[in-house]
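Residue numbers run from 1 in the order of the sequence given.
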Amino acid sequence: MLAAMPRRFAAVLALAVLSFAACTTPRPLAGAEAELQALATKVRGTVGIYVRDLTTGDEVAIRADDAFPTASLVKLPILGALLAKVDRGELAYRQELTYTKDRLYPGEDLLGSFADGQKVALDKVAMLMITTSDNTASLWCQELAGTGTAINDWLAAHGCAVTRVNSRTPGREAERDRWGWGVTTPREMADLLAQAVDGRLGSAAACDEARRCLGRIYWDDEALSALPPDAHALSKQGAIDRSRSEVVLVHAPRGDYVFCVITKEQQDRSWGRDNEGFVLLRAVSAALWRRFAPDRSYAPPAGHERF
């Protein structure tokens, strides 16, 4: 039909159709900044939030480029650098390793309960690092990835200007004293997670494995608890006395979105469910789900706790 119309009229009609489509495309983040700012003010401390709609590119950035401690979020770039070594053929992902007790990092780690001399596959060590945030496994993976310096080189090559590993990394002792294991920004950490989905993290095989690891998380009490149990998300969590953090990528009805929330200098250093940082993680996650899945409302049971 358009072929029979005058060219100018056809062009105007086509432009009108495109404009209408653009106007009717859902923009879930419209007005979100004010809502998230209000949530951030409930934390006595400094809060950084970054959100990106992976369909439209819309963003919300609240102190998103400020430096924050990574806590266990640092295990995401450790995984990326580890998989890069597998890509290069320097490691075999299912190669057999030997655990020795001198690797034990005191705490509740599963790997630390292994017998001295017990065999364990590299992919299982990586799984423990991400799924249960096992520190003994994580420090071993950091070593296998080629030390903190090699991981930091990998981070620079993947667009990170601030995110770095500090612990067990020569030359970063002062940063270790200030930030702990690592330092990052909400924007950079969210982008690293997005790279596992859009293919920038490494080879197709590396991105696939990263997504598998990041999609099976034991620590699901905070941001993940605000999503329906059948919603698919990739994530990593972090927590130290003065900071609570989480980075999450959600596959939602109105499109995928990624967000990262990090606090620092928190006055509330308690470890109960009502810690201000933990409450913020759940509140931000719930607010974003309502925007990206308005027809799939979800309310966790009151007083929800793990069994």
Side-chain angles (χ1 to χ4, degrees), residues 50 52 54 67-95 97 121-169 172 175 179-217 219 233-238 245-249 256 258-260 262:
Y50 178 75
R52 183 160 82 240
L54 297 178
F68 288 84
T70 61
S72 287
L73 295 184
V74 75
K75 295 164 188 177
L76 170 54
I78 291 174
L79 177 65
L82 181 72
L83 292 172
K85 285 197 73 173
V86 175
D87 268 342
R88 295 193 298 268
E90 298 171 24
L91 291 170
Y93 195 53
R94 290 173 177 79
Q95 72 185 69
L97 306 172
L122 172 56
D123 62 339
K124 184 175 288 187
V125 178
M127 179 277 292
L128 290 170
M129 172 177 68
I130 299 298
T131 299
T132 68
S133 209
D134 188 300
N135 287 324
T136 299
S138 302
L139 289 169
W140 198 357
C141 285
Q142 177 173 323
E143 177 186 321
L144 290 167
T147 73
T149 300
I151 297 168
N152 290 340
D153 290 343
W154 180 90
L155 281 163
H158 283 76
C160 294
V162 176
T163 306
R164 294 291 185 268
V165 174
N166 299 324
S167 294
R168 305 188 181 189
T169 304
R172 295 194 63 84
E175 289 82 0
W179 300 109
W181 198 336
V183 61
T184 191
T185 73
R187 186 191 303 271
E188 288 187 357
M189 191 56 66
D191 187 63
L192 279 175
L193 185 54
Q195 289 183 32
V197 172
D198 64 25
R200 291 178 291 138
L201 194 75
S203 69
C207 290
D208 282 355
E209 188 56 37
R211 291 198 299 272
R212 292 184 191 280
C213 286
L214 295 160
R216 51 187 182 219
I217 298 296
W219 299 104
L234 312 178
S235 67
K236 187 69 196 77
Q237 300 69 32
S245 56
E246 198 153 0
V247 59
V248 187
L249 190 151
D256 296 353
V258 64
F259 68 96
C260 183
I262 315 180

- Message: For a 4.5 angstrom cut-off between non-hydrogen side-chain atoms, does Leu73 reach Ile262?
- Response: yes
- Message: Arg94 vs Val86, test: side-chain contact (heavy atoms from CB on, under 4.5 Å). Steps then yes/no.
- Response: CA-CA 10 Å; Arg94 290 173 177 79; Val86 175; over 6 Å; no
- Task: Identify the heavy atoms of Leu249 and Ala194 that sit nearest to each other, and give their distance.
- Result: CD1-CA, 3.8 Å
- Task: Mind checking the CZ-CZ spacing from Arg172 to Arg164? Nearest 0.5 Å is all I need.
- Result: 6.5 Å
- Residue pairs passing the salt bridge (charged side-chain N to carboxylate O under 4.0 Å, His left out) test where at least one lies in residues 133-158, sequence neighbours excluded: Arg103-Glu143
- Message: I need the Ser138 OG to Ile130 CD1 distance, nearest 0.5 Å.
- Response: 7.0 Å
- Message: Quick check: closest heavy atoms across Trp154 and Leu201, and the distance to 0.1 Å?
- Response: CH2-CD1, 3.6 Å
- Of all heavy-atom pairs linking Val248 and Ser235, the shortest is CG2-CB, 4.0 Å
- Taking the side chain as every heavy atom from C-beta outward, state whether Ser133 and Gln237 have any atom pair closer than 4.5 Å. no
- Task: Evaluate whether atom CZ of Arg200 has more than 12 neighbouring non-hydrogen atoms of other residues, nucleotides or ligands under 6.0 angstrom away.
- Result: yes
- Message: Taking the side chain as everything from C-beta on, heavy atoms only, tell me whether Arg168 gets closer than 4.5 Å to Leu139.
- Response: yes
- Item | Residues, nucleotides or ligands: over 12 heavy atoms within 6.0 Å of Arg216 CZ | yes
- Roughly how far, to the nearest 0.5 Å, is the CD atom of Gln95 from the CG atom of Leu144? 7.0 Å
Residues 76-83, side-chain donor-acceptor partners within the protein, below 3.5 Å, at least two apart:
none

- Message: If I compare all heavy atoms of Cys207 with all of Ala196, which pair ends up nearest, and what's the gap?
- Response: CB-O, 3.5 Å
- Run the numbers on Leu54 and Asp198 for side-chain contact (heavy atoms from CB on, under 4.5 Å), then give the verdict. CA-CA 10 Å; Leu54 297 178; Asp198 64 25; over 6 Å; no
- Query: Quick one: which of Leu193, Val197, Asp191 gives a side-chain contact (heavy atoms from CB on, under 4.5 Å) with Gln195?
  - Reply: Asp191
- Message: Rounded at 0.5 Å granularity, tell me how far CD in Glu246 sits from CE in Met189.
- Response: 12.5 Å
- Could you check if a side-chain atom of Ser245 sits within less than 4.5 angstrom of a side-chain atom of Phe68, using non-hydrogen atoms only? no
- Taking every non-hydrogen atom, the tightest pair across Val258 and Ala190: CG2-O, 3.6 Å
- Can you tell me how far OG of Ser167 sits from CH2 of Trp179, rounded to the nearest 0.5 angstrom? 14.0 Å
- Message: Please report the interatomic distance CH2(Trp181) to OG1(Thr169), rounded to the nearest 0.5 Å.
- Response: 10.5 Å
- Is the closest side-chain heavy-atom distance between Glu209 and Cys213 below 4.5 Å? yes
- Query: Leu97 versus Trp140: any side-chain heavy-atom pair under 4.5 Å?
  - Reply: yes
- Leu192 vs Val247 side-chain heavy atoms within contact, under 4.5 Å: no
- Does a salt bridge link Arg52 with Glu188, judged by any charged N lying under 4.0 Å from a carboxylate O? no
- Task: Check Thr184, Thr70, Asn152 against Thr163 for a side-chain hydrogen bond (donor to acceptor under 3.5 Å, both in side chains) and give me the one that passes.
- Result: Thr184
- For Lys85, does the NZ atom have more than 12 heavy-atom neighbours from other residues, nucleotides or ligands under 6.0 Å away? yes
